[in-house]
Amino acid sequence: MLTGAGYGTPLSWQTEISHTLPCGYTQYADLTMRAPDAGVPAMLLEVDRVTEPMDELVANLRRYHEWFELLAPKADANRERVAQGAAVHDFRLWSRLYPPTGREGYVPVAFVFTGKTAAQCESRMLRLEQAARRYLRRGAVPGQERGPYGRRLPPGGAGGRH
């Protein structure tokens, strides 16, 4: 679906990429996309057929947030605390695994809701935005358009079916 809409090639995608937290838990991304030619250096995708409990979807975002905050080995924590903007990325573990995004914030995490009606997917998206507000980009307001790098895609995704 996203490849057909111009987001990378089939070789841009990997499945079940692990992100291990210090507590020993491993958060797996359903899909990881790297498509710099499409303006998306990296994106993590979670696919939900509108079956997972909302608490689990929020927990996924919390665990990604925790992983994105991990310092890289040998990173100077004092220098990291005074860094601002995208310069903070240089101190984070994720910057060793994913290419620079060219923007502030973490590697984007996108949820793909599928398997139900467009109205059910839309409702689920709005409930997730509300429940996970603390882990979403600052200034995000439920109902705003977003998608790759801050725009919501319409139900059915980038030109595909839901």
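Every heavy atom of this structure was used, including side-chain atoms; hydrogens, water molecules and symmetry mates were not.
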Are Val58 and Leu128 close enough, and set up right, to give a side chain to side chain contact (heavy atoms under 4.5 Å, CB included), and what steps lead you there? CA-CA 7 Å; Val58 173; Leu128 178 60; 4.0 Å; yes

Whether over 12 other heavy atoms sit under 6.0 Å from Arg134 CZ: no

Any chance you could lay out the side chain to side chain donor-acceptor pair (under 3.5 Å) test for Ser18 and Thr26, step after step, and finish with the verdict? CA-CA 6 Å; Ser18 64; Thr26 300; 5.9 Å; no

Take Met54 and Arg124 through the side chain to side chain contact (heavy atoms under 4.5 Å, CB included) test and state the conclusion after the steps. CA-CA 8 Å; Met54 186 59 59; Arg124 188 136 173 107; 3.9 Å; yes

Is there a chain of hydrophobic side chains (I, L, V, M, F, W, Y, each step under 4.5 Å between heavy atoms) that links Phe68 to Tyr25? yes

Hydrophobic clusters here meaning ILVMFWY residues chained together by side-chain heavy-atom distances under 4.5 Å, can you tell me if Met33 and Val47 are in one? yes

Side chains of Glu46 and Leu57: does their closest heavy-atom pair fall under 4.5 Å? no

Side chain Arg92, main chain Glu69, donor-acceptor under 3.5 Å: yes

With heavy-atom distances below 4.5 Å as the criterion, would you say the side chains of Leu61 and Val109 are in contact? yes

Kindly write out the residues that satisfy salt bridge (Lys or Arg N to Asp or Glu O under 4.0 Å) with Arg79, not counting sequence neighbours, or none if the list is empty. none

Quick check: do Thr32 and Met43 have side-chain heavy atoms less than 4.5 Å from each other? no

Non-neighbouring partners of Asn78 that pass side chain to side chain donor-acceptor pair (under 3.5 Å), sequence neighbours left out: Arg81

dist Tyr106:OH -> His65:NE2 (nearest 0.5 Å) comes out at 4.0 Å

Is there side-chain contact between Val50 and Cys121, with at least one heavy-atom pair below 4.5 Å? yes

Apply side chain to side chain donor-acceptor pair (under 3.5 Å) to the pair Gln120 and Thr117, showing each step before the final yes or no. CA-CA 5 Å; Gln120 289 171 311; Thr117 68; 3.2 Å; yes

Within the structure provided, determine whether Phe113 and Glu122 are in side-chain contact (heavy-atom separation under 4.5 Å). no

Linking I/L/V/M/F/W/Y whenever any side-chain heavy atoms sit under 4.5 Å apart, do Leu71 and Leu21 land together? no

Quick test of your reading of the model: are Arg63 and Glu56 salt-bridged, counting only N-O distances below 4.0 Å? yes

Asp30 side chain near Leu45 side chain, heavy-atom distance below 4.5 Å: no

Electrostatic pair Arg133-Glu129, nearest N-O below 4.0 angstrom: no

Would you indicate whether the side-chain heavy atoms of Tyr28 and Ile17 approach each other to under 4.5 Å? no

Do Phe91 and Leu70 belong together in a cluster built from hydrophobic side chains that touch within less than 4.5 Å? no

Taking the side chain as every heavy atom from C-beta outward, state whether Pro108 and Leu44 have any pair of such atoms under 4.5 Å apart. no

Sequence neighbours excluded, which residues qualify as ring pair (Phe, Tyr, Trp, His ring centres under 6.0 Å) partners of Tyr64? His19

I need the Glu52 CD to Asn60 CG distance, nearest 0.5 Å. 6.0 Å

